[in-house]
**Student:** 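Below: one structure in C-alpha cells.
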Amino acid sequence: MKKETSPRRNSADRLQVLGVGVSHPDRVIFRDTGLTKGQLAEYYAAVSKWVLMDIAFHPVSLLRCPEGTAGDCFYQRNPGMGLGPDVKPFRWKHKGKSYEYLYIENEKGLIEFVQMGAIELHPWGSSVERIDYPDRMIFDLDPDEGIAFEVVKLAARDLRQRLKRKGLESFLKCTGGKGLHITVPLTGKNKWPEVKSFCAALAAEMVAEVPDAYIATMSKAKRAGKIFIDYFRNDYSATAIADFSVRARPGAPVALPLEWKELDDLESGNQFTVPEVLKRLLKKKPGVARYQKRQALPPMLADARYKRLSG
C-alpha cells in the first residue's frame with residue numbers, strides 16, 4: 001500500500017500523515033523558520049524508515065513543545081493522557097523498583113509522537129526485549145565554548161582510529177548542537193556496566209595521552225578549553241539524541257547521520273536543517289550499515305583507573 005504523506009484537511013483542521021490525524025497543522029513550531037506542526041509531521045514521515053531503525057522497540061524520552069519552541073517545553077518518558085494507540089507503554093522492574101516508559105514499533109507511532117507535540121526523540125541504547133543489554137555504545141564529543149569545530153573533527157578521527165585498533169567500526173553523527181556523536185553498534189551480549197566500563201577505559205586512554213585536549217569528567221569547571229569525552233550515555237536509563245531527530249533549537253537543526261568521508265567538509269554540528277535534510281534525501285539515501293552491523297565488545301583492560309572512571 002502506498003504511504004499517504006500528502007496533506008488532506010477536513011473541517012476539524014487536521015492533517016493526515018501516514019494515516020494519523022495531526023491536529024493544528026498550521027501551528028508554527030519554530031518562529032524563526034516558520035516550520036509548522038504539519039511540516040514537522042511530514043518531515044518525520046519522510047525520514048521514518050531511518051528513525052525507526054534507530055529507535056523502534058527502544059524506550060524513548062520525548063522533548064515536547066506543545067505550543068512550539070517559544071512556549072513551554074518539557075521531557076516526557078512515562079505514559080500519560082492523550083497517547084495515540086501506537087505509542088506503547090513498557091513496564092519492568094530494576095533493582096526492586098518498577099518503571100514505565102514509552103516506545104513505538106512503527107511509523108504511525110512516530111507521527112503520534114508529533115501529534116503529542118514532540119520535537120526531539122531520545123532513545124535508550126537497549127531495546128524493550130533486552131533492556132539490560134545495550135545494542136550500541138555512544139561517545140559524545142562535547143567541546144567547551146570557544147573550541148574550534150576543526151578540533152572537534154580531529155577528536156572524532158582520533159576516536160575512530162582508537163576504536164579501529166580495538167577491532168570496532170564506528171559511525172558518525174552531527175548532533176544538531178555543537179558536538180559530534182560516535183556510535184558503535186553492538187551484539188547486545190554485554191550488560192550496561194561492561195559497556196560503560198569499556199567506554200570509560202577508552203576515554204581515560206584519550207585523556208592520559210592528550211591531556212591538554214581531552215577531559216572525561218562531568219565537572220564543567222574542569223572542561224575549560226577542552227573536549228569532554230562523554231561516555232556517560234552508556235548507562236542504564238541514559239539516552240542520546242535519535243538519528244534524524246529535529247532539535248528544539250533556533251533554526252530547527254537536525255541530528256544527522258553522516259559518512260566518515262563527509263567529515264572533512266562538515267562546518268558545524270548543527271549545519272543541517274529540516275529543508276536541507278529533505279533536499280539531501282532526494283539525492284542521497286542514508287546507508288543502513290550502522291543499523292545492521294553487530295560487533296562484539298573486546299575484552300576489558302584491567303587497569304585500576306578505568307574501574308574508578310566507570311564507577
**Student:** Just to verify, what does Gln271 make a side-chain hydrogen bond (donor to acceptor under 3.5 Å, both in side chains) with, not counting sequence neighbours?
**Tutor:**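 Gln271 satisfies side-chain hydrogen bond (donor to acceptor under 3.5 Å, both in side chains) with no other residue.
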**Student:** According to side-chain contact (heavy atoms from CB on, under 4.5 Å), who are the partners of Asp54, at least two apart in sequence or on a separate chain?
**Tutor:** Pro123, Arg136, Ala242, Asp243, Tyr291
**Student:** With the 4.5 Å side-chain cut-off for hydrophobic clustering, are Leu186 and Ile182 part of the same group?
**Tutor:** yes
**Student:** Atom CG of Leu62 and atom CZ of Phe74: how far apart are they, to the nearest 0.5 Å?
**Tutor:**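 It is 9.0 Å, given to the nearest 0.5 Å.
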**Student:** Can you tell me how far CG of Leu163 sits from CG of Asp158, rounded to the nearest 0.5 angstrom?
**Tutor:**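 So the gap between those two atoms works out to 9.5 Å.
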**Student:** Is Arg223 salt-bridged to Asp144, cutoff N-O under 4.0 Å?
**Tutor:**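 No, Arg223 and Asp144 are not salt-bridged.
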**Student:** Would you call Asp264 and Arg157 a salt bridge, taking side-chain N to carboxylate O under 4.0 Å as the test?
**Tutor:** yes
**Student:** Looking at Asn78, I'd like to know if its CG atom is crowded, meaning that more than 12 non-hydrogen atoms belonging to other residues, nucleotides or ligands lie closer than 6.0 Å.
**Tutor:**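 Yes, enclosed.
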**Student:** Between CH2 of Trp260 and CZ of Phe171, what distance do you get to the nearest 0.5 Å?
**Tutor:**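 Spacing of CH2 (Trp260) from CZ (Phe171) equals 10.0 Å.
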**Student:** Only counting residues at least two apart or in another chain, list the ones meeting side-chain contact (heavy atoms from CB on, under 4.5 Å) with Arg280.
**Tutor:** Leu256, Leu258, Glu262, Phe272, Lys284
**Student:** List the residues meeting side-chain hydrogen bond (donor to acceptor under 3.5 Å, both in side chains) with Ser170, not counting sequence neighbours, and say none if there are none.
**Tutor:** none
**Student:** Supply the atom-to-atom distance Asp86 CG to Glu112 CD, rounded to the nearest 0.5 angstrom.
**Tutor:**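 Here the rounded value is 4.0 Å.
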**Student:** For Arg160, enumerate each residue passing the salt bridge (charged side-chain N to carboxylate O under 4.0 Å, His left out) test, keeping only those at least two apart in sequence or located in another chain.
**Tutor:**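 Applying salt bridge (charged side-chain N to carboxylate O under 4.0 Å, His left out) to Arg160 gives none.
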**Student:** Is Tyr43 reaching over with its side chain to a backbone N or O of Val277, donor-acceptor style, under 3.5 angstrom?
**Tutor:**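 A pair under 3.5 Å: no.
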**Student:** Could you list all the salt bridge (charged side-chain N to carboxylate O under 4.0 Å, His left out) pairs where at least one residue sits in residues 209-219, not counting sequence neighbours?
**Tutor:**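 Residue pairs with at least one partner in residues 209-219: Arg162-Glu209.
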**Student:** Does NZ in Lys108 sit with more than 12 non-hydrogen atoms of other residues, nucleotides or ligands closer than 6.0 Å?
**Tutor:** no
**Student:** Please list, chain by chain and in numerical order, all residues satisfying side-chain hydrogen bond (donor to acceptor under 3.5 Å, both in side chains) with Asp142, sequence neighbours excluded.
**Tutor:** none
**Student:** Who pairs with Ala240 by side-chain contact (heavy atoms from CB on, under 4.5 Å), at least two apart in sequence or on another chain?
**Tutor:**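 Listed in chain order: Ile138, His181, Arg233.
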**Student:** Could you tell me which residues satisfy side-chain hydrogen bond (donor to acceptor under 3.5 Å, both in side chains) with Glu267, sequence neighbours excluded, listed by chain and number?
**Tutor:**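 In terms of side-chain hydrogen bond (donor to acceptor under 3.5 Å, both in side chains), with neighbours along the sequence ignored, Glu267 is linked to no residue.
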**Student:** Test: ring-ring contact (aromatic ring centres under 6.0 Å, His included). Region: residues 104-128. Which pairs qualify, not counting sequence neighbours?
**Tutor:** Tyr75-His122, Trp92-Trp124, Tyr101-Trp124, Trp124-Tyr236
**Student:** Are Phe198 and Tyr214 in one and the same hydrophobic cluster, where Ile, Leu, Val, Met, Phe, Trp and Tyr link if side-chain heavy atoms are under 4.5 Å apart?
**Tutor:** yes
**Student:** With a 4.0 Å cut-off, would you call Glu150 and Lys153 a salt bridge?
**Tutor:** yes
**Student:** Determine which pairs satisfy side chain to side chain donor-acceptor pair (under 3.5 Å) with at least one residue from residues 61-71, sequence neighbours left out, and list them in order.
**Tutor:** Arg64-Gln76
**Student:** Counting only heavy atoms from other residues, nucleotides and ligands, does the tally under 6.0 Å from CZ of Arg31 exceed 12?
**Tutor:** no
**Student:** Applying salt bridge (charged side-chain N to carboxylate O under 4.0 Å, His left out), can you list everything that pairs with Glu105, at least two apart in sequence or on another chain?
**Tutor:**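 Per chain and number, Glu105 pairs via salt bridge (charged side-chain N to carboxylate O under 4.0 Å, His left out) with no residue.
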**Student:** Report, as yes or no, whether the 6.0 Å neighbourhood of atom NZ on Lys97 holds more than 12 heavy atoms from other residues, nucleotides or ligands.
**Tutor:**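 Count not over threshold, so no.
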**Student:** Say you draw a straight line from OH of Tyr231 to CZ of Phe139; how long is it, rounded to the nearest 0.5 Å?
**Tutor:** 10.5 Å
**Student:** Looking at Trp50 and Lys285, would you say the former's side chain and the latter's main chain have a donor-acceptor pair under 3.5 Å?
**Tutor:**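 No, the answer is negative, given that no donor and acceptor are paired below the 3.5 Å cut-off.
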**Student:** Taking C-beta and beyond as the side chain, do Glu42 and Leu15 meet within less than 4.5 Å on heavy atoms?
**Tutor:**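 Side-chain contact under 4.5 Å: yes.
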